[in-house]
Amino acid sequence: MTNKQIAEILEEIGTLLELQGDNPFKCRAYHNAGRIIGALTTDVHELIKSNELQTIKGIGQGLAEKLIELDSTGKLKFYDDLKQSVPPGLLEMLRIPGLGPKRIKIVYDRLKIKTVSGLKKAAEEHKLASVSGFGKKTEENILNGIELLQKHTDQHLYSEAKLAADRILEVIRNQRCVIRCDIAGSLRRRKEVIGDIDILASIKKGSERTLMKVFTTHPDVEQIIAQGETKSSVLLNSGINCDLRVIDDIEYPFALAYFTGNKEHNVAMRSLAKKYGWSLNEYGFSELGAEEKRGKAKRIVSCKTEEDVYGALKLAYVPPELRENMGELEAAHEGHIPNLVSEEDLRGTFHCHTTYSDGSNTLLEMVGAARDLGWEYLGIADHSKVAAYAGGLTETRLKQQHKEIDALNAKLRGFTIFKGTEVDILADGSLDWSDKVLSTFDYVVASVHSKFKMTEAEATKRIIKALKNKYVTMLGHPTGRLLLQREGYPVNMVEVINAAADYSKIIEINSHPFRLDLDWRLCKFAKEKGVKVSINPDAHNINGLRDVHYGVGIARKGWLEKRDVINTRTFKEITLLLDHTS
DNA sequence: GCCGTTTTCGGCCCGACTGTTTTCAGTCG
C-alpha cells in the first residue's frame, strides 16, 4: 500500500469520525496523520521495518498500531467497521459548501436523510427549517450549495486527470499491437479543468478486441460504461471518465488533431482547408465534394504527423495548449507561434510554505525537493501573524526562520533560498507586517485571506491599496476564488492589473482550481500591460512543488512566453527583479 | 487521537462571519 493510499484512509477516518460526532481533537489527529503520511518521503513500510514509525511527530501508539495492521494485512478493521456505520451519502454531503459534519449528523439523526438528493428534496419541501438550529436561510444556502456541487461534479483538475491518464497510457503503450498512442482532448490541451480523459491509439489490424480488453480490465477501472471495437468508455476509480479510441495508423495524425480540438480550432482548420479546395475530417484530407464515406474519399495529402497536417495548410505547428481559435492560426501562418514556457524552463518558485506556518514539510525538506527538481532557488513565503488559522509566524519565529535560511544559504552551492512572506492584506488594505519587518524580506507576496464576502469595489480597493506598499513584490492568488466549489470575492482584475503596472508589481498565477480560466485571460491582459507574472504552486509540501507543472502557469501556458515569466529567468535576473524591494 | 510533562492527565489554533438564537454553534480559511 502506498503512502498516498494510507494517507487517504487516515483522512477518511478523520472525516467519518467527525460525522459520528467523535472528539474533534481525535478527528484532527487522524487528519493530521493523513497529511503527514502524504508528505513523507520514506515509505511507511520502510519505517515500520526500521521501527521508526513513532519517531514521526503526530504518529503515536494508537496510529502506529493501525498503520502496522494496514501495512501487514492491507486492511484495517477499525476503518472497515467505521465505514459500515456511516452511510456513504453523508461523505458526499460534506462536499456541499456551508454544510459541515455537525449539521449533517443532525439531519441524519433527526430526519434520517442520508443522500444529497434526499437533502435537496427535504430543503425544497422546507422540512429542514423545522429542525432546531436550521432556518429558511440555511435551507436556501444548502440548495445553492447543492447546485454548485452538481455544476462542478463532472470537472476534474488537470493534475488529477493527468496522473490517472498516465497510468492507463503506460499500460496501453506497452501492448505489442499498439503503434502510436497519446492523450487527446482537453487534457492534451492542458486545460486547468477537464471533463474526461480521451486516449487515442493506432494499432495493428485485428487486435482491436485484445486492446479493448486490456483497457477495460485495467486495475484502475471501476466500471465499464461501453465496450466496442473502436471505442470503449470506462469510469476510473478516481471518478473520471476515460475513453479509448482505436484507429488505423494512417489516420492517426488527423484523428489526434481532431480529438484534441478544441471545437473552434477544428472548425477554423476545416474552413482553412476548404480554401485549398480540400475537406478535412478525422480521417484525412479529401477532395471537396468527394467526402462520401470514410475510406472512399481519395486521400489527397499524405501526413505522417500532426506537423504534416498543419504544414499542408501552410501553418507552423500549433502546440495543443494554443488550439482555441484565439488567433493561433494567424500566428502559425505568419510563423509567430510564441516560445512557450515549459517545465524545463522553471528555475524556482516563490510561494512555498513550511512547517513554520501551515506547510507540512520543513524548510530543509522543501529545499531538498526543489534541488531534486533541478531548480536554482526557492522562495519561502510563510503566513504572517494574523493568519493564526494557518500558523502565521510571530516576529520571533520569523527571526528564527531567517537565521535558518542564512545558515543554509551559507552552506548551499548553486542554490539560493529567498526570504519571503505571504503577508495578509487586512480588511482596510494595510498589511499584517510593519514596514520595518517587510524590509527584512527579499520579496513579499500579499494575499487576501479574510472577509470573503466583499463587493467587487471593496475587494479591488483593498488589493490596490496593498499594492501601493513599496515592499510588496507580488500579488498572491489574485482572482479571489480560493477553493474548489466555493465562491470567492469578485475582483476587478482590469483595475488591479493596471495598478500592478503602475507600481511595477508581479502577479502570481498558480494552480488554485476553478479560477484558472480567469487566470488565462488575466495573463494575456497582464502581458499586454507589461505586468510580469510568476508561476507559483502555493506549495504546502514537497509534493505540492510539483503542482507547478500542473498549474496554470504551465498548463495554460497560452501566450505566455519565457520572457514574461520571472521564474524562468536566470538566477541573476531574478535577483535583479527582486531588488526593488530594497 | 497526540503530545508533553512539574509523568498519566489536560490541552490541543483563532478570528470572522452567518444564521440562528436570546448568548451561541457551526463553518470556514
Side-chain angles (χ1 to χ4, degrees), chain A residues 9-37 53-67 76 78-79 82 93-109 123 128-145 148 353 355-360 382-394 397 422 424-428 432 447-455 458 462 476-477 480-489 512-513 538 540:
Chain A
I9 290 175
L10 293 176
E11 292 273 9
E12 197 179 328
I13 291 175
T15 306
L16 290 168
L17 290 172
E18 275 174 350
L19 286 169
Q20 288 202 326
D22 211 317
N23 177 351
F25 297 108
K26 182 173 163 183
C27 303
R28 192 189 298 168
Y30 277 98
H31 284 299
N32 273 340
R35 260 211 330 276
I36 291 161
I37 301 287
L53 204 50
Q54 278 193 67
T55 62
I56 299 166
K57 197 169 140 65
I59 309 291
Q61 198 184 350
L63 275 162
E65 281 168 11
K66 291 190 171 70
L67 290 176
L76 182 60
F78 175 69
Y79 171 58
L82 200 56
M93 278 159 73
L94 259 183
R95 295 175 57 205
I96 301 168
L99 197 58
K102 300 264 173 60
R103 293 217 284 229
I104 291 174
K105 184 169 159 47
I106 292 171
V107 293
Y108 176 56
D109 288 345
L128 293 182
S130 63
V131 179
S132 86
F134 287 69
K136 196 167 162 250
K137 193 78 194 173
T138 307
E139 270 184 343
E140 271 174 38
N141 286 344
I142 286 175
L143 283 174
N144 289 338
L148 205 58
H353 299 275
T355 46
Y356 273 93
S357 67
D358 61 348
S360 49
D382 275 313
H383 289 283
S384 58
K385 58 180 186 294
V386 77
Y389 60 86
L393 271 66
T394 58
R397 291 271 291 154
E422 179 176 16
D424 262 57
I425 301 174
L426 304 174
D428 65 353
D432 189 32
S447 310
V448 170
H449 291 110
S450 60
K451 223 186 141 200
F452 292 113
K453 297 208 168 169
M454 290 175 283
T455 63
E458 284 166 348
R462 183 172 168 190
H477 34 69
R481 292 191 178 189
L482 279 174
L483 277 180
L484 199 65
Q485 296 156 8
R486 194 159 299 129
E487 298 291 346
Y489 47 89
H512 279 262
D538 193 355
H540 284 74

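In the text below, chain A, chain B and the rest are named by the order of the sequence lines, each starting its count at 1. In this text, all values refer to a predicted model and were calculated from it rather than measured experimentally.
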Worksheet item: If we call it a pair only when both distances are under 3.5 Å in a Watson-Crick or G-U wobble match, what pairs with B:dC28?
Response: B:dG15
Response to the item:
Contacts of A:Lys385 meeting salt bridge (Lys or Arg N to Asp or Glu O under 4.0 Å) (sequence neighbours excluded), chain-then-number -> A:Asp432
Discussion item. Holding to salt bridge (Lys or Arg N to Asp or Glu O under 4.0 Å), I want the full list of residues that pass it with A:Lys105, two or more places apart in sequence or in another chain.
Written reply: A:Asp109
Fill in: Side-chain donor or acceptor of A:Arg103 paired with backbone N/O of A:Phe134 under 3.5 Å
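No, the answer is negative, given that no donor and acceptor are paired below the 3.5 Å cut-off.
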Worksheet item: Donor-acceptor pair, A:Glu139 side chain versus A:Ala129 backbone, under 3.5 Å?
Response: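 Indeed, once roles are kept as given, a pair shorter than 3.5 Å links the two residues.
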Distance in angstrom units between [X] [atom1] and [N] [atom2], rounded:
| X | N | atom1 | atom2 | value |
| --- | --- | --- | --- | --- |
| A:Ile106 | B:dG26 | CD1 | C1' | 9 Å |
| A:Gln54 | B:dC3 | CD | C1' | 12 Å |
| A:Lys105 | B:dA25 | NZ | P | 17 Å |
| A:Arg35 | B:dC2 | CZ | C1' | 13 Å |
| A:Leu393 | B:dC14 | CG | P | 15 Å |
| A:Tyr30 | B:dG1 | OH | P | 4 Å |
| A:Met93 | B:dT27 | CE | P | 11 Å |
| A:Lys385 | B:dG15 | NZ | C1' | 15 Å |

Item to complete: Return the nearest nucleotide to the side chain of A:Lys57; candidates are B:dC3, B:dT27, B:dG1.
Response: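 Of B:dC3, B:dT27, B:dG1, B:dC3 is nearest to the side chain of A:Lys57.
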Discussion item. Can you identify which nucleotide, out of B:dG26, B:dG29, B:dC12, has its nearest atom closest to the A:Phe25 side chain?
Written reply: B:dC12
Determine the contact category for [X]: base if any of its heavy atoms lies under 4.0 Å from a base atom, sugar-phosphate if only primed atoms, P, OP1 or OP2 are that close, otherwise nothing.
| X | value |
| --- | --- |
| A:Lys66 | sugar-phosphate |
| A:Pro24 | nothing |
| A:Ile59 | sugar-phosphate |

Write out a two-atom table: protein N or O, nucleotide N or O from nucleotides 16-19 of chain B, distance below 3.5 Å.
| unit_1 | atom_1 | unit_2 | atom_2 | d |
| --- | --- | --- | --- | --- |
| B:dG19 | OP1 | A:Asn141 | ND2 | 3.3 |
| B:dG19 | O3' | A:Thr138 | OG1 | 3.1 |

Take atom [atom1] in [N] and the same atom in [M], then report the distance between them in whole Å.
| N | M | atom1 | answer |
| --- | --- | --- | --- |
| B:dA16 | B:dT21 | P | 24 Å |
| B:dG11 | B:dT5 | P | 16 Å |
| B:dG29 | B:dC13 | C1' | 12 Å |
| B:dG1 | B:dT8 | C1' | 16 Å |
| B:dT18 | B:dC12 | P | 27 Å |
| B:dC17 | B:dT22 | P | 23 Å |

Worksheet item: Any idea if B:dT18 is syn or anti, going by the 90°-from-0 cut?
Response: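 Here the answer is anti: the torsion falls beyond 90° from 0.
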Practice prompt. Using side-chain contact (heavy atoms from CB on, under 4.5 Å) as the criterion, list what pairs up with A:Gln61, not counting sequence neighbours.
Written response: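 Once residues adjacent in sequence are excluded, the partners of A:Gln61 under the side-chain contact (heavy atoms from CB on, under 4.5 Å) criterion are A:Gln54, A:Glu65.
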Mind listing the side-chain donor-acceptor pairs of residues 20-27 of chain A below 3.5 Å, one per line with the distance, residues two or more places apart or on another chain?
| unit_1 | atom_1 | unit_2 | atom_2 | d |
| --- | --- | --- | --- | --- |
| A:Gln20 | NE2 | A:Ser85 | OG | 2.9 |
| A:Asp22 | OD2 | A:Lys26 | NZ | 3.4 |
| A:Asn23 | OD1 | A:Phe25 | N | 2.8 |

Worksheet item: Which sits closer to the 5' end of DNA chain B, A:Gly100 or A:Ala64, going by the nucleotide each is nearest to?
Response: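 By nearest-heavy-atom nucleotide position, the 5'-most residue is A:Ala64.
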Item to complete: Kindly compute the distance separating CG (A:Leu16) from CZ (A:Phe78), expressed to the nearest 0.5 Å.
Response: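 It comes to 9.0 Å.
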Worksheet item: By side-chain hydrogen bond (donor to acceptor under 3.5 Å, both in side chains), which residues pair with A:Ser360, not counting sequence neighbours?
Response: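 A:Ser360: no side-chain hydrogen bond (donor to acceptor under 3.5 Å, both in side chains) contacts found.
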